[in-house]
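Read the structure below first, then the notes.
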Amino acid sequence: MLENKTIAFLGAGSMAESMISGVITAEKMPADQVYVTNKSNAGRLDEIHAKYGVQAVPQSELPFEKIDLFILAMKPKGAEEALHSIKDKLKPNQVILSVLAGITTEFMEEHLNVGQQVVRVMPNTSSMIQESATAVVAGKNTSMANVELVKELLECMGEVYIINEDQMDVFTGLAGSGPAYFYYLMENMERVGVEKGMDEETVRKVVAQTIFGAAKMVLEKEEAPTSLREKVTSPNGTTASGLEALRKFNGGEAISQAVEHAAKRSKEISKELEGALVTS
């Protein structure tokens, strides 16, 4: 489906580059059907063009009538200006895909033409290596064909999950912030390994492979984590002893609270951003 489409990235930051890299690496569409632009950094555009071969141009030179999908990939504070700059040029069949954290589909629909098709997405940091867990929220005017188009595009960066808008905050707490929880876990596991005499490089690889392997087991075995945990926990064994310590120091509750707090903050940030954009 993508090979017959033309897409344009409004913004040339790291997330835009992750998506461009995924599309080009997966050979989903020719580089000359991918455009990227930004507000003022011509050097950044030259860098992306040299690296991926895509069309890097000032926004004034975008062939608006040819674009099927516009991807908003700038900082959230630039959202209102970006929406205003393209609103009068948009056609009903063109889709706005937003990677703007905290900005709802409803907000975007209110600031665009009546009936405009909008999709909100949230990849996580693993998109840089094409292993993202990405959420997709379709606006009320978006056709299923265009939802599938967006899904195919985002699958170049990893796994894609279509969710409701009211689930986006908890998705943020799980997947958006989730990599940091694992890094924090790894930091502390690594610290103990080094303290007990292992060299830092080796212990880092051991911990990373252990977490990677455990996650892969969940995905490939299609078993609940509880079931897999029980299978590797022998009575009175080393794993049982380690899990006892986690329970004693409220490790499970700490993880739950991390997700709860991140989801709550996501909701707060959304209200703050949209409030600031409306009053600016």
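Sequence positions, counted from 1, serve as the residue numbers for this chain.
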Practice prompt. Indicate if Met108 and Phe171 have the same hydrophobic cluster label, given that clusters are the connected sets of ILVMFWY residues with side-chain heavy-atom separations under 4.5 angstrom.
Written response: no
Worksheet item: Do you know the tightest heavy-atom contact between Val54 and Val34?
Response: CB-O, 3.4 Å
Worksheet item: Any donor and acceptor pair, going by atom type alone, linking the side chain of Thr6 with main-chain N or O of Asp68 inside 3.5 Å?
Response: no
Discussion item. Show me the pairs that pass side chain to side chain donor-acceptor pair (under 3.5 Å) and involve residues 145-164, at least two apart or across chains.
Written reply: Gln117-Asn146, Ser143-Asn146, Lys151-Glu155
Worksheet entry | Atom pair CG (Asn124) and OG1 (Thr134), whose distance is rounded to the nearest 0.5 Å | 6.5 Å
Discussion item. Are Lys51 and Ile20 packed together at the side-chain level, in the sense that at least one heavy-atom pair is separated by less than 4.5 angstrom?
Written reply: no
Worksheet item: Looking at residues at least two apart in the chain, or sitting in another chain, which of them share a salt bridge (charged side-chain N to carboxylate O under 4.0 Å, His left out) with Arg191?
Response: Glu195
Worksheet, complete the sentence: In terms of heavy-atom contacts, Gly53 and Ala31 come closest through O-CB, 3.4 Å
Discussion item. Going by the rule side chain to side chain contact (heavy atoms under 4.5 Å, CB included), which residues pair with Thr238 if we only count those two or more places apart in sequence or in a different chain?
Written reply: none
Atom pairs and distances, side-chain donor-acceptor, residues 91-99, under 3.5 Å, sequence neighbours left out:
unit_1, atom_1, unit_2, atom_2, d
Gln94, OE1, Lys91, N, 2.8
Gln94, NE2, Phe64, O, 2.7
Gln94, NE2, Ile67, O, 2.8
Ser98, OG, Leu100, N, 3.1

Worksheet item: Is the shortest heavy-atom distance from the side chain of Ile103 to the side chain of Arg120 under 4.5 Å?
Response: no
Practice prompt. Measure the spacing between CG of Leu62 and CG of Leu10 and express it to the nearest 0.5 Å.
Written response: 6.5 Å
Discussion item. Let me confirm one number: the OG-CE distance from Ser132 to Met15, rounded to the nearest 0.5 Å.
Written reply: 6.5 Å
Practice prompt. Tell me whether Val259 is reachable from Ile163 by hopping between hydrophobic residues (I, L, V, M, F, W, Y) whose side-chain heavy atoms are closer than 4.5 Å.
Written response: no
Discussion item. When you measure from the side chain of Thr105 to the backbone of Val119, do you find a donor-acceptor pair of N or O atoms at a distance under 3.5 Å?
Written reply: no
Worksheet item: Which other residues end up in the same hydrophobic cluster as Leu243, if Ile, Leu, Val, Met, Phe, Trp and Tyr are linked when side-chain heavy atoms come under 4.5 Å apart?
Response: Leu246
Worksheet, complete the sentence: CG (Asn41) and CD (Glu47) are apart, to the nearest 0.5 Å, by 8.5 Å
Discussion item. I'd like to know whether CD of Glu106 has more than 12 heavy-atom contacts from other residues, nucleotides or ligands below 6.0 angstrom.
Written reply: no
Fill in: In one Ile/Leu/Val/Met/Phe/Trp/Tyr side-chain cluster, 4.5 Å: Val121, Met29
yes
Practice prompt. For residues Ser270 and Phe107, determine if any side-chain heavy atom of one lies less than 4.5 Å from a side-chain heavy atom of the other.
Written response: no
Worksheet entry | Listed partners of Lys248 passing salt bridge (charged side-chain N to carboxylate O under 4.0 Å, His left out), at least two apart | none
Worksheet item: Got a sec: does the CD of Glu244 have more than 12 other heavy atoms crowding it under 6.0 Å?
Response: no
Discussion item. Can you list everything that forms a salt bridge (charged side-chain N to carboxylate O under 4.0 Å, His left out) with Glu220? Sequence neighbours excluded, please.
Written reply: Lys216
Item to complete: Please answer whether the main-chain N or O of Ser14 pairs with a side-chain N or O of Ser18 as donor and acceptor at a distance below 3.5 Å.
Response: yes
Discussion item. Please determine whether the number of non-hydrogen atoms from other residues, nucleotides or ligands lying under 6.0 Å from atom CD of Glu260 exceeds 12.
Written reply: no
Item to complete: Using a strict cut-off of less than 4.0 Å between a Lys/Arg side-chain nitrogen and an Asp/Glu carboxylate oxygen, indicate whether Glu268 and Arg265 qualify as a salt bridge.
Response: yes
Worksheet item: Is any side-chain heavy atom of Lys5 less than 4.5 Å from a side-chain heavy atom of Leu149?
Response: yes
Worksheet entry | Least distance between heavy atoms, Lys140 atom then Glu109 atom | N-OE2, 3.0 Å
Worksheet item: When you measure from the side chain of Thr172 to the backbone N and O of Ala263, does any donor-acceptor pair fall under 3.5 Å?
Response: no
Discussion item. Tell me whether Met19 shares a hydrophobic cluster with Met128, the cluster being built from Ile, Leu, Val, Met, Phe, Trp, Tyr side chains joined at under 4.5 Å.
Written reply: no
Worksheet item: Looking only at heavy atoms, what is the nearest atom pair of Val36 and Gly11, with distance?
Response: CG2-O, 3.7 Å
Item to complete: Kindly indicate whether the side chain of Met122, heavy atoms from C-beta on, has any atom under 4.5 Å from the side chain of Met168.
Response: yes
Item to complete: May I ask you to test the Leu83-Leu112 pair for a side-chain heavy-atom distance under 4.5 Å?
Response: yes
Discussion item. Checking Ala254 now: which residues fulfil side chain to side chain contact (heavy atoms under 4.5 Å, CB included) with it, not counting sequence neighbours?
Written reply: none
Worksheet item: Which residue pairs pass the side chain to side chain donor-acceptor pair (under 3.5 Å) test when at least one of the two sits in residues 52-64, sequence neighbours left out?
Response: Glu17-Tyr52, Gln59-Ser85
Worksheet entry | Donor-acceptor contact below 3.5 Å, side chain Asn113 vs main chain Gln116 | no
Fill in: Nearest non-hydrogen partners of Gly102 and Leu273, listed with the distance
CA-CD1, 4.2 Å
Discussion item. Less than 4.5 Å apart, side chain to side chain, heavy atoms only: is that true for Met157 and Leu154?
Written reply: yes
Discussion item. Please report the interatomic distance OG(Ser21) to CD1(Ile129), rounded to the nearest 0.5 Å.
Written reply: 11.0 Å
Worksheet item: Cluster partners of Ile211, using ILVMFWY side-chain heavy atoms under 4.5 angstrom, listed by chain and number?
Response: Phe182, Tyr183, Leu185, Met186, Met189, Val194, Met198, Val203, Val206, Val207
Worksheet item: Side chains of Phe70 and Leu90: closer than 4.5 Å at any heavy-atom pair?
Response: yes
Fill in: Same cluster (ILVMFWY, side-chain, under 4.5 Å), Val232 and Val218
no
Practice prompt. Kindly compute the distance separating CD (Glu222) from OG (Ser227), expressed to the nearest 0.5 Å.
Written response: 12.5 Å
Worksheet entry | Listed once per pair and sorted, the side chain to side chain donor-acceptor pair (under 3.5 Å) pairs that draw on residues 203-213, sequence neighbours left out | Glu190-Arg204, Glu200-Arg204, Glu201-Lys205
Worksheet entry | Residues Val150, Val160; criterion side-chain contact (heavy atoms from CB on, under 4.5 Å); working and verdict | CA-CA 10 Å; Val150 169; Val160 178; over 6 Å; no
Discussion item. Per the side chain to side chain donor-acceptor pair (under 3.5 Å) rule, what does the pair list look like for residues 23-32, sequence neighbours excluded?
Written reply: none
Discussion item. Please evaluate residues Ile255 and Tyr181 with respect to the criterion side-chain contact (heavy atoms from CB on, under 4.5 Å), reporting the C-alpha separation (whole Å), side-chain torsions for both, the decisive distance (0.1 Å), and the verdict.
Written reply: CA-CA 8 Å; Ile255 293 167; Tyr181 311 153; 5.6 Å; no
Worksheet item: Which atom names give the shortest non-hydrogen contact between Gln33 and Leu2, and what distance separates them?
Response: NE2-O, 4.1 Å
